[in-house]
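Please read these numbers as outputs of a predicted model, since none were measured by experiment. Quick note: residue numbers are just sequence positions, from 1.
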Amino acid sequence: MKHPSASQPTPERIRLARLQRGLSQENMADLLGLSTTAYGDIERGKTELTISRLGQIADVLDSTIVDLITDVPAAIEPTVIAPNELEKLRNTVERQQLELDKLRLEVDYHKRRYDERIALELAWAIGQKQERPKIGF
């Protein structure tokens, strides 16, 4: 989650998190079992939030209470990749690089063919203009 600045109050952080997830106030109200007006009051800071309600909001937003009330990012768990998985990823990247190189060569080939065709057609068009049949005398 993108962390708002420290100057932003919790209601603004909740609103930003909701918008980042593409939820409307109506969606949030339904998910929390509140009226739209009651939820709107939360985002406008007109309602004092309990820890329980803040926890419900964090769950709906797939966030944490800490994310909603502070600038301190939640700890990020390092991803451990097994050696065989790492080798598979390397092989996949290598295959994709080879495919990309092949496609680049193919594009270059077609560009050259196109240029040659244009040159031939231009030469033909110029030659046609010079060899006009003479009419008359």
Which donor-acceptor pairs under 3.5 Å do the side chains of residues 94-105 make with protein atoms, sequence neighbours left out?
from, atom 1, to, atom 2, distance (Å)
Arg95, NH2, Thr92, OG1, 3.4
Gln97, NE2, Asp101, OD1, 3.2

When rounded to the nearest 0.5 angstrom, what is the spacing between [atom1] in [X] and [atom2] in [Y]?
X     : Y     : atom1 : atom2 : result
Asp67 : Ile14 : CG    : CD1   : 11.5 Å
Thr50 : Gln56 : OG1   : CD    : 7.0 Å
Ile57 : Ile42 : CD1   : CD1   : 4.5 Å
Leu19 : Gln25 : CG    : CD    : 8.5 Å

For residues 31-40, which side-chain N or O atoms pair as donor and acceptor with protein atoms under 3.5 Å away, sequence neighbours left out?
from, atom 1, to, atom 2, distance (Å)
Ser35, OG, Ala38, N, 3.0
Tyr39, OH, Glu43, OE2, 2.7

Would you name the heavy atoms of Val60 and Met28 that are closest together and state the gap between them?
CG1-SD, 3.5 Å
For Ala17 against Leu61, the heavy-atom pair lying closest together
CB-CD1, 3.7 Å
Residues in side-chain hydrogen bond (donor to acceptor under 3.5 Å, both in side chains) contact with Asn27, at least two apart in sequence or another chain:
Ser24
Excluding sequence neighbours, so at least two apart, what forms side-chain hydrogen bond (donor to acceptor under 3.5 Å, both in side chains) with Glu87?
none
What residues form a side chain to side chain contact (heavy atoms under 4.5 Å, CB included) with Tyr114, not counting sequence neighbours?
Ile118
Are more than 12 heavy atoms, taken from residues, nucleotides or ligands other than Glu85, located less than 6.0 Å from that residue's CD atom?
yes
Taking Leu120 as the starting point, is it possible to reach Trp124 by hopping between hydrophobic residues whose side chains are less than 4.5 Å apart?
no
Salt-bridge present (Glu121, Arg117; N to O < 4.0 Å):
yes
Please write out which residues are connected to Ile81 in a hydrophobic cluster, directly or through intermediates, given that two of Ile, Leu, Val, Met, Phe, Trp, Tyr count as joined at side-chain heavy-atom separations below 4.5 angstrom.
Leu86, Leu89
